[in-house]
Amino acid sequence: MRGLIITIDGPSASGKSTVARGVAAALGYRHVDSGALYRAITWQVLEAGVKPDDMVGVTRVLAALTLEWLPGEHAFLFRLAGREPGPEIRSPAVAAAVSAVAAIPAVREWANRAFRQTPEWGGVVMDGRDIGSVVFPEARHKFYLDADPSVRAKRRLGEQTGDGAGAGLDGVLEALKRRDAFDRARREAPLAVPPGARVIDTGALTQAEVVRTVLDGVQTEEARR
Ligand code: C5P
């Protein structure tokens, strides 16, 4: 039976994944972290010695990749090329390369086909950059989380991985702004508020409050139908 689809988009470190996990757990749905798949593909590209903006090389790597979804209790994990990705997909090298790989149309088509399989197992809460606009434009529950870049940089610094790790707050802020600017400016599926999405500024809210806001939004809309 197909459950509901809830989409949560937004820029880096806006709290999307944590909130999506909380919403999925509360509803008995599964969380899909779409960025993790783009990061895992990027890691494979780097391992193959291919430059992230080498469209032909990246497409060749992609053609050899197999993906297996692993539906867990509250989340979808996956095996790419036979292995589950580990902390390496959060490394500064992957963070610096992922936007270029994710801007390649063949990569997006491949990933979108994979994302669209996940509701076959039940309700999903998927977070990313284009989930409400491109992957599931028909979803009736769409959210867009945002916060001031300095707030997001402080959060990312607290995680001590990924963008500008080890570079201090200014380095993290710069790396994060660079990635957001690239994601917003790309021709294919740019980062933007999807039509019909509810925008939530997470700057002054706790994660639990954001989860509550999303759940209230879903319940209000469902009651209206
Ligand atoms: O969400 P996360 O920061 O892990 O995403 C890593 C990168 O993957 C983003 O900066 C973006 O370039 C790409 N991405 C994307 N579309 C998505 C999710 C992530 O292009 N739906």
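Order of appearance sets the numbers: ligands from 1, and atoms from 1 within every ligand. A quick note: this is a predicted structure, and the numbers were derived from the prediction, not measured.
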Q. Roughly how far, to the nearest 0.5 Å, is CG of D180 from CG of L191?
A. 6.5 Å
Q.
Would you say R39 and S91 are linked by a side-chain donor-acceptor pair, where the criterion is simply a distance under 3.5 Å?
A. no
Q. Hey, which residues fall under 4.0 Å of ligand 1 on heavy atoms?
A. K16, S34, G35, Y38, R39, R90, V98, S99, A102, R108, G128, R129, D130, I131, R179, D183, R186
Q) Taking all atoms of both residues into account, what is the closest heavy-atom pair of T7 and F136, and its distance? A) CG2-CB, 4.2 Å
Q. Looking at F143, does the NZ or CZ of R198 lie under 6.0 angstrom from its six-membered ring centre and within 45 degrees of the ring axis?
A. no
Q | Whether F115 and W69 hold their rings parallel, tilted or perpendicular, with breakpoints at 30° and 60° | A | tilted
Q. Does the distance from a Lys or Arg side-chain N to an Asp or Glu carboxylate O, for E209 and R212, drop under 4.0 Å?
A. no
